[in-house]
2 protein chains.
Amino acid sequence: MANIKDIAKAANVSVTTVSNVLNGKANVGPETREKILSLCREMDYHPNIMARNLKSGKTNTAMFCFSDFERSFYLKIINGINDCLHEHHIGMIICTHSAINSFLRNGFVDGAIVLDKSINDRQILDAASQDMNLVVMDRILDSPKVSSVVTDNRASMEELTKRLVQKGYRRFNYLGGIENTPDHVERYEAFKAVLKTNRIAFTPDNYYQGDYSVQSGIRAGNIMAMGGNLPDVVVCANDNMAAGVVQAFREFDVDVPKRVAVSGFDGDHMSELPDGYLTTAAIPRYEMGYLAAETLVKMMNEGMPAMERKIKAPVVWGRSTR
Amino acid sequence: MANIKDIAKAANVSVTTVSNVLNGKANVGPETREKILSLCREMDYHPNIMARNLKSGKTNTAMFCFSDFERSFYLKIINGINDCLHEHHIGMIICTHSAINSFLRNGFVDGAIVLDKSINDRQILDAASQDMNLVVMDRILDSPKVSSVVTDNRASMEELTKRLVQKGYRRFNYLGGIENTPDHVERYEAFKAVLKTNRIAFTPDNYYQGDYSVQSGIRAGNIMAMGGNLPDVVVCANDNMAAGVVQAFREFDVDVPKRVAVSGFDGDHMSELPDGYLTTAAIPRYEMGYLAAETLVKMMNEGMPAMERKIKAPVVWGRSTR
DNA sequence: CTGTTAGCGCATTCAT
DNA sequence: ATGAATGCGCTAACAG
């Protein structure tokens with residue numbers, strides 16, 4: 001592989017001149033520039049990135065850290081991140097939990113986007129204190145050096161609930177997720193707030209406790225159907241549970257949406273229900289990835305201070321509601 | 001960030017000694033070694049990978065190149081690749097078509113796994129001629145320097161068909177994919193060979209032409225049902241088309257599998273059919289990723305010559321067959 | 001407009 | 001068992 005020295009020798013100039021041409025400096029004569037450029041093409045010269053990085057102290061590479069390979073929506077996030085980074089000519093490396101510590105410290109990357117629950121806040125703050133540019137997804141860190149990109153649970157659930165009310169639904173059941181998780185709290189509170197504003201009754205009887213799993217949705221659906229506690233609509237804290245509820249209702253011959261409507265939250269493809277069936281707040285995965293990357297790039301390139309971005313999940317209407 | 005010089009100074013030794021300790025050389029006194037090691041911990045020293053790479057001429061990083069972010073099974077492949085590379089302490093970077101040329105030439109990676117149809121054979125052979133270690137997936141290159149990992153279409157379709165015959169199916173329809181694609185040719189030929197061996201009749205009437213899409217499956221299914229040409233089983237060249245056939249049959253109240261059984265090929269999750277419904281040859285995505293990575297690592301580390309690996313897709317029985 | 005020089009952080013001879 | 005010197009390929013002061 002030809003290096004800059006070879007080019008310089010062949011062109012009868014110094015490496016500096018070659019370097020200047022390569023980096024677009026103005027202080028090079030036109031014919032010298034041309035000669036060097038054509039020589040580079042002829043000799044198939046490509047600058048050695050390692051050397052360039054070593055010199056500049058930067059790598060022009062960002063890392064995306066995640067751990068759950070089961071959820072296909074990660075691919076969409078990766079897609080968004082990749083597109084943005086590529087537009088800015090920044091390389092992307094992917095790593096999982098086990099690799100993060102080594103990568104983060106040895107100057108292999110200039111920044112990272114972290115979406116990996118197995119990495120705790122402490123580790124992230126540690127990395128941030130070493131001047132690593134960081135963006136976390138799906139969590140918020142109380143640090144002025146770490147940006148975050150999260151779903152706007154409140155606004156999204158608010159809109160979903162509002163529109164359900166507008167459609168005429170009055171008797172609501174709510175199937176919550178794991179208690180104390182921010183997702184649960186925010187979605188549930190937003191839901192209750194809208195009902196309250198509309199003076200629609202909501203009692204503890206109307207609340208069911210789930211754990212985000214399809215199973216817990218089935219359980220809750222069974223209980224509702226068997227107990228005869230069938231509302232106009234069951235609002236679920238995520239799609240999985242909504243799928244479970246639908247499944248349970250099917251067993252009991254409870255027509256969805258004629259007898260009871262069902263809504264979810266997430267908007268990812270599921271094997272349980274056909275695409276487009278479930279009314280839900282669809283988290284825009286690609287866009288969130290893109291925005292996370294964009295945020296990171298601005299921090300890396302322009303020294304932008306850390307910021308927090310909440311992304312609203314648009315409501316998608318399916319056949320599970322009228 | 002502390003560097004090797006800082007450590008050497010603090011330990012009152014030369015950088016050479018520190019380097020030797022870090023790289024596990026034997027020629028260092030035990031107490032000196034301990035002192036240096038503890039100093040590294042104290043000062044939170046991490047070797048600068050860029051410098052190390054520049055020096056060694058290697059990057060210890062591999063690249064996975066793909067382009068289709070819509071297909072969720074890519075995540076499984078990535079998972080397999082990642083696991084293998086990580087076991088060997090090799091970093092992984094992901095890139096898409098647009099980035100490959102720059103990455104491949106400037107010494108940013110030591111090798112690459114390519115699963116991107118928008119990259120043509122020529123580009124790959126070019127890279128190989130520059131001593132880049134390469135593994136291609138889902139295609140075979142006629143080059144002694146490029147390894148390949150592909151699905152063993154013949155063996156898989158053979159087994160699937162054999163087992164269908166064993167189960168008593170005698171009247172077969174076949175729904176083929178796009179003509180001249182290796183996948184189509186290999187699967188179709190294997191299918192026909194098994195029927196022939198078993199002296200089971202198969203005429204052009206029993207062949208339907210599809211294009212791998214769900215739509216083309218629906219069309220074929222409609223034609224079969226409307227024409228009254230219903231066999232015991234429809235063997236499809238992929239899952240998508242099988243899903244289409246099932247859907248068409250449902251419209252015509254043709255019971256699957258009681259009246260007609262249906263089989264597919266691929267084994268990826270689909271939104272059209274519930275998981276576990278379709279009998280199919282399930283391509284082991286994770287394993288193929290892992291094997292591709294393993295092959296690459298051996299080429300990189302042990303100079304293993306290029307090789308070709310065919311991976312059999314195990315038959316998975318679902319409810320679409322008896 | 002062009003060249004000389006120094007050094008990024010590290011591994012690797014070759015001495016001692 | 002330890003150290004001094006050299007250079008990987010490149011960029012950037014500084015000189016001319």
Side-chain angles (χ1 to χ4, degrees), chain A residues 1-37 39-40 43-61 89 91 102-103 105-110 130-131, chain B residues 1-37 39-40 43-61 89 91 102-103 105-110 130-131:
Chain A
M1 284 251 274
N3 64 24
I4 198 172
K5 245 187 203 159
D6 299 330
I7 302 294
K9 206 174 296 172
N12 246 312
V13 297
S14 76
V15 289
T16 308
T17 305
V18 179
S19 175
N20 284 336
V21 170
L22 263 45
N23 293 294
K25 310 277 191 207
N27 56 347
V28 181
E31 65 238 28
T32 317
R33 154 170 278 114
E34 274 320 309
K35 186 170 135 203
I36 290 174
L37 249 28
L39 232 31
C40 286
M43 304 173 65
D44 195 34
Y45 166 75
H46 295 266
N48 179 314
I49 297 240
M50 290 306 150
R52 191 175 267 182
N53 288 345
L54 175 57
K55 186 65 190 160
S56 68
K58 290 183 52 181
T59 66
N60 248 286
T61 303
H89 302 99
S102 49
F103 276 136
R105 305 189 171 279
N106 54 25
F108 201 76
V109 295
D110 293 339
Q130 313 244 343
D131 283 325
Chain B
M1 285 253 274
N3 64 23
I4 198 171
K5 244 187 204 158
D6 299 328
I7 302 294
K9 205 174 298 172
N12 245 310
V13 296
S14 75
V15 290
T16 309
T17 305
V18 179
S19 175
N20 284 334
V21 170
L22 262 44
N23 294 294
K25 309 278 191 209
N27 57 346
V28 181
E31 65 239 26
T32 317
R33 154 171 276 114
E34 275 319 309
K35 185 162 89 190
I36 290 174
L37 249 27
L39 232 30
C40 285
M43 304 173 64
D44 195 34
Y45 166 75
H46 297 265
N48 179 313
I49 298 238
M50 291 305 148
R52 190 174 267 183
N53 288 346
L54 176 57
K55 187 66 190 158
S56 67
K58 290 183 52 181
T59 66
N60 248 287
T61 303
H89 302 100
S102 49
F103 276 136
R105 303 188 174 281
N106 55 24
F108 202 74
V109 296
D110 293 338
Q130 315 244 341
D131 283 324

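Order of the sequence lines fixes the chain letters, A, B, ..., with proteins taken first and strands second; residue numbering starts at 1 for each chain.
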| field | Any Asn48(A) side-chain N or O less than 4.0 Å from OP1/OP2 of dG9(D) | value | no
| note | Taken to the nearest whole Å, CG/Asn23(B) to P/dT13(C) is 12 Å
| said: Over all strands shown, is Thr32(A) touching base, sugar-phosphate only, or nothing at heavy-atom distances under 4.0 angstrom? | reply: sugar-phosphate
| request: Let me know the distance between CG of Asn53(B) and C1' of dT12(C), rounded to the nearest Å. | output: 16 Å
| Looking across every strand, which nucleic acid part, if any, lies under 4.0 Å from Thr17(A) by heavy atom: base, sugar-phosphate, or nothing? | sugar-phosphate
| task | Would you indicate which nucleotide in dG9(C), dC1(C), dA1(D) comes nearest to any side-chain atom of Ala51(B)? | result | dG9(C)
| task | Quickly work out the Ile4(B) CD1 to dC8(C) P distance and round it to whole Å. | result | 13 Å
| What is the distance from CG of Leu22(A) to P of dA12(D), rounded to the nearest Å? | 12 Å
| query | Out of dC1(C), dG3(C), dC10(C), which nucleotide sits closest to the side chain of Arg52(B)? | reply | dC10(C)
| said: On the nucleotide dA6(C), are OP1 or OP2 found under 4.0 Å from the side-chain N or O atoms that Lys55(A) carries? | reply: no
| query | Nearest of dG3(C), dA5(D), dG9(D) to any side-chain atom of Thr16(B)? | reply | dA5(D)
| field | Nearest listed nucleotide, side chain of Leu54(A), among dC10(D), dG9(C), dT4(C) | value | dG9(C)
| query | Across the strands shown, which category fits Asn12(B) at heavy-atom distances under 4.0 angstrom: base, sugar-phosphate, nothing? | reply | sugar-phosphate
